[in-house]
2 protein chains.
Amino acid sequence: MNSQTSANTSMARRARMLDVIRQQGFVSIPELRDSLEVSESTIRRDLESLEESGEARRTHGGVFYTGSVTTVRQFQRGNPSDGAWDKKRAIALEAAKLVNDHDTVLLDGGSTTYELAKQLVGRPLQIVTNSLPVANLFSASDSVDLVILGGAIHNRTGVTHGPFTDQMLETINVQKAFLSVAGVNEKGFYNSNLLLVETERCMMRSADRTIIVADSTKFGRSSLARMLEWNQVDTLVVDEDLSTLWRDRIDELDTNLILAPLNNSQDTHSNSIS
Amino acid sequence: MNSQTSANTSMARRARMLDVIRQQGFVSIPELRDSLEVSESTIRRDLESLEESGEARRTHGGVFYTGSVTTVRQFQRGNPSDGAWDKKRAIALEAAKLVNDHDTVLLDGGSTTYELAKQLVGRPLQIVTNSLPVANLFSASDSVDLVILGGAIHNRTGVTHGPFTDQMLETINVQKAFLSVAGVNEKGFYNSNLLLVETERCMMRSADRTIIVADSTKFGRSSLARMLEWNQVDTLVVDEDLSTLWRDRIDELDTNLILAPLNNSQDTHSNSIS
DNA sequence: CTTATTTTGATCGTTTTTGATCGTAATTCG
DNA sequence: CGAATTACGATCAAAAACGATCAAAATAAG
């Protein structure tokens, strides 16, 4: 009941900014300037920090919302439980380099592919996905042609699967398919659900290149259903914590291995994605 | 503005300060100075101690309350209340009554059908939809079997359409389909996009009953593409602001008309946020 | 009543944040 | 393919906020 925008600090401003971005999906900088009544310079600076924390993604002409799941207000102190998250993000950065503009890309569900999707927002691409969260990321974007694979939703994960999905995949061809896994061992790649695995097999058949994204903790683990054999996979993107044992093993196969560097330094200004 | 009678000790002041901080979530130092009528230096000192005890968190420009489990303070979440929004909600309430438990229901995109979807969350149903926002509503629900119609995403609206969608609809049968429209005139029902209209025709063919939800402002308006004729529609749900002219016209057809009462009571608190 | 200790308020130099300007890069349009 | 327009990042000066220091007022003790 007092002044409406009394909270005139950078933090409060960024919170409001993020609110606007979330609501609209995409906002231009002049719009934000009018809406928040600060200079464009300030907007740019805030956006820089907002992008760094992964909550938004800048492009020429504005910002996309990529909303991290962490709605919790966090100060500059690092979250202790981010070990695995750093790996996923590093993998996503490397995997994003494998994608060229105007590619047709298939994205599976899963947290790592979701991170990859966040990196791809704003680029001119054709995206095919069976993941509801991934689809939400791109749905506001003009630069992306988005195709959703229909089918029944798997409740926990928010991905479609089943005969509808598989049938639709048969008539689709993509250049690169990015798949996630629950486990990797010497026999192949695993996931936890039989129907999902069947859908992922269809994905592989629809793709010219199959790329697996998996953090190093997945290695040596198996799961219920075997999805793919080693020789069916073209490229594998893993964080550099992968043991030398596995590196050597993969060397002997004709699967490409890409190791994603884990940037532990707080060098945040050098990462530019073109 | 209150009496700061004899309780002018530092402890009492800090207690009041914390009260203000808790209430507002965030306060600037000048605000606290005005509110407590002491100098800024004193405020700073108090804040220092308050931060040390972990009850508040200072930042440049002010203080955040961190006292207990931070009720994540939303700044302004207010949706600018539309007049039309009340109508959509009234229509949604009536339309929800047409749905029985364990029905198979098809939901089109659009703001009115979205309101309907919100009313259906939690009920045991099979839901088929081409709308990304609608799918998100149900994706976390255990009681719903959710099927998404695949296909290309129409950017602005977040619904799938096109040949994939149509093809998938051919193999699907639902009991009731709820469709939204952009306009209604004496010739039939209109929407703005040709491909979307084609998809909606397929929806109608897949449904035993076709139900149109449209608020009264849509009547008399046409749009680019005619979707359906009057005789293809079983039931029409409209708010009670519909003119008598249109009521009489519809009376002469064999389309069921359901008028949704507009509750003018301020029952705006029942909208729940997932 | 005087003195010592604590608390408060004011001042000043330093740091952070902000807004404007300008050259460069990207995008659009002809 | 080149020109015009728009958006971007870097730089710099002004403004705001901060911490530290010191004097004045209030409180407590001798």
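Reminder, nothing fancy here: chain letters follow the sequence lines and each chain counts from 1.
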For B:Ser49, side chain to side chain contact (heavy atoms under 4.5 Å, CB included) partners two or more places apart: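 Applying side chain to side chain contact (heavy atoms under 4.5 Å, CB included) to B:Ser49 gives B:Arg14.
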
I'd like to check the side chain to side chain contact (heavy atoms under 4.5 Å, CB included) partners of B:Glu40; sequence neighbours left out, ordered by chain and number. B:Ile29, B:Pro30, B:Arg33, B:Arg44

For the pair made of [atom1] in [X] and [atom2] in [N], what is the distance, rounded to whole Å?
{"X": "A:Leu32", "N": "C:dT18", "atom1": "CG", "atom2": "P", "answer": "15 Å"}
{"X": "B:Glu40", "N": "C:dT11", "atom1": "CD", "atom2": "C1'", "answer": "13 Å"}
{"X": "B:Leu47", "N": "C:dT8", "atom1": "CG", "atom2": "P", "answer": "14 Å"}
{"X": "B:Ile29", "N": "C:dT8", "atom1": "CD1", "atom2": "P", "answer": "15 Å"}
{"X": "A:Glu31", "N": "D:dA7", "atom1": "CD", "atom2": "P", "answer": "11 Å"}
{"X": "B:Glu48", "N": "C:dT7", "atom1": "CD", "atom2": "C1'", "answer": "14 Å"}
{"X": "B:Glu37", "N": "C:dG9", "atom1": "CD", "atom2": "C1'", "answer": "15 Å"}
{"X": "B:Glu52", "N": "D:dG19", "atom1": "CD", "atom2": "C1'", "answer": "15 Å"}

Under a plain distance cut-off of 3.5 Å, with no hydrogens placed, do [Y] and [X] share a side-chain donor-acceptor pair?
{"X": "A:Glu31", "Y": "A:Ser28", "value": "yes"}
{"X": "A:Ser216", "Y": "A:Asp239", "value": "yes"}
{"X": "A:Asn136", "Y": "B:Asn136", "value": "yes"}
{"X": "A:Thr235", "Y": "A:Arg209", "value": "yes"}

Which listed nucleotide (C:dG19, D:dG9, D:dG19) is nearest to the side chain of A:Arg44? D:dG9

Look at the side chain of A:Arg13 and decide which nucleotide, out of D:dG19, C:dT17, D:dA7, has an atom nearest to it. C:dT17

Counting distance alone, no hydrogens or angles: does the base of C:dA10 have a donor or acceptor under 3.5 Å from a partner atom on the side chain of B:Ser39? no

Can you find a donor-acceptor N/O pair under 3.5 angstrom joining the side chain of A:Arg45 to the base of C:dG19? yes

Using a cut-off of 4.0 Å on non-hydrogen atoms, how would the nucleic acid contact of [X] be classed: base, sugar-phosphate, or nothing?
{"X": "B:Ser41", "value": "base"}
{"X": "A:Ser28", "value": "nothing"}
{"X": "B:Arg33", "value": "nothing"}

Terminal axis angle for the helix from C:dC1-D:dG30 to C:dG30-D:dC1, five pairs an end, nearest 10 degrees: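 One end axis against the other gives 30°.
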
Is there a donor-acceptor pair under 3.5 Å between the side chain of A:Thr129 and the backbone N or O of A:Val134? no

When you check the phosphate oxygens OP1 and OP2 of C:dT18, does a side-chain N or O of A:Thr42 lie under 4.0 Å from one of them?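 Checking A:Thr42 against C:dT18: no side-chain N or O falls below 4.0 Å of OP1 or OP2.
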
5'-most contact on DNA chain C: A:His60 or A:Asp46, nearest heavy atom basis?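 Its nearest nucleotide being more 5', the pick is A:Asp46.
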
